[in-house]
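Everything below concerns the one structure shown next.
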Amino acid sequence: MLRNITLIASYLAFACILSGCAGSRPAHLGTLNSTLTPCPDKPNCVSSLAEKDEPHYIAPLEAANQKAVRTKLVKLLKDNPQAQLQVSSPTYLYAEFTSEWLGFVDDVEFLFSQQNGLVHVRSASRLGYADFGVNRDRIEQLRDQLNQ
């Protein structure tokens, strides 16, 4: 019983320490040679440019009318209390999403491809190893909201 209480107390102390720990913004964000950075070798990232990396791959967003999709996406990001739009240019959006529970930050990027009517996406956790599918779910929810 005492061991269980000690274990629970240790877990709560660890969670309290992490709750103020968002991590620093990665230096590799943004476009480099008109592309997004590949996902690291951890299961806490998805990217539409990871076509040959099935665990990390997610389909890009379709945007026949890129201006309209960009406008709607900016509104969705601004209306989401967990999101903070950090960079907004005609071809690139970057937002930070902060989890309600422990304050973990995920970096989410959108790259508008003028040639093929797609919006490439990358969503990755800053800290930790696994994300329990949060980044994939976030992109799919945004896709659903854009298609409404």
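Fair warning: this is a prediction, and the values are worked out from it, not measured in the lab. When a residue number appears, it is its place in the shown sequence, counting from 1.
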Exercise. Name all pairs fulfilling the disulfide (SG to SG under 2.5 Å) condition that reach into residues 97-148, sequence neighbours left out, sorted by first residue then second.
Key: none
Exercise. Tell me who clusters with L85, hydrophobic residues only, linked when side chains sit under 4.5 Å apart either directly or through other members.
Key: V46, I58, L61, V69, L73, V74, L76, L77, L93, F97, V108, F110, F112, V119, V121, I139, L142, L146
Quiz item: Roughly how far, to the nearest 0.5 Å, is the CD atom of E96 from the CD atom of Q84?
Solution: 7.0 Å
Quiz prompt | salt bridge (charged side-chain N to carboxylate O under 4.0 Å, His left out): pairs with one or both residues in residues 74-94, sequence neighbours excluded | solution = K75-D79
Quiz item: If only atom types and distance count, is the side chain of S99 paired as donor or acceptor with the main-chain N or O of G103 below 3.5 Å?
Solution: yes
Practice problem: Name all residues meeting the side-chain hydrogen bond (donor to acceptor under 3.5 Å, both in side chains) criterion together with Q114; count only those two or more places apart in sequence or in a different chain, and write none if there are none. | Solution: Q66
Practice problem: Write out all pairs satisfying salt bridge (charged side-chain N to carboxylate O under 4.0 Å, His left out) with one or both partners inside residues 51-67, taking only residues at least two apart or from two chains. | Solution: none
Exercise. Not counting sequence neighbours, list each pair that qualifies as a salt bridge (charged side-chain N to carboxylate O under 4.0 Å, His left out) and has a residue in residues 137-148.
Key: D106-R138, E140-R143
Quiz item: Pairs in or reaching into residues 45-98: which pass disulfide (SG to SG under 2.5 Å), with residues at least two apart or in two chains?
Solution: C39-C45
Quiz item: Of all residues at least two apart in sequence or in a different chain, which pass the side-chain contact (heavy atoms from CB on, under 4.5 Å) check with P60?
Solution: S48, Y57, L118, H120
Quiz item: To the nearest 0.5 Å, what is the distance between CZ (R122) and OG1 (T35)?
Solution: 10.5 Å
Exercise. Mind checking salt bridge (charged side-chain N to carboxylate O under 4.0 Å, His left out) for D41 and listing every partner two or more places apart, or none if nothing turns up?
Key: none
Quiz prompt | Qualifying residues under salt bridge (charged side-chain N to carboxylate O under 4.0 Å, His left out), relative to R136, sequence neighbours excluded | solution = none
Quiz prompt | Donor-acceptor pair between N44 and Y129 side chains, under 3.5 angstrom | solution = no
Exercise. Apply side-chain hydrogen bond (donor to acceptor under 3.5 Å, both in side chains) to S88 and list each qualifying residue two or more places apart in sequence or on a separate chain.
Key: R70
Quiz prompt | Side-chain donor-acceptor contact under 3.5 Å, S125 with N135 | solution = yes
Practice problem: Name all residues meeting the side-chain hydrogen bond (donor to acceptor under 3.5 Å, both in side chains) criterion together with Q148; count only those two or more places apart in sequence or in a different chain, and write none if there are none. | Solution: none
Quiz item: Between F104 and T98, is a side chain to side chain contact (heavy atoms under 4.5 Å, CB included) present by the stated rule, with each step listed?
Solution: CA-CA 5 Å; F104 289 112; T98 304; over 6 Å; no
Quiz item: Would you find a donor on one side and an acceptor on the other, under 3.5 Å apart, between the side chain of K42 and the backbone of A130?
Solution: no
Quiz item: Can you tell me how far CG of D107 sits from OH of Y94, rounded to the nearest 0.5 angstrom?
Solution: 3.5 Å
Self-check item: Donor-acceptor contact below 3.5 Å, side chain H56 vs main chain L49
Solution: no
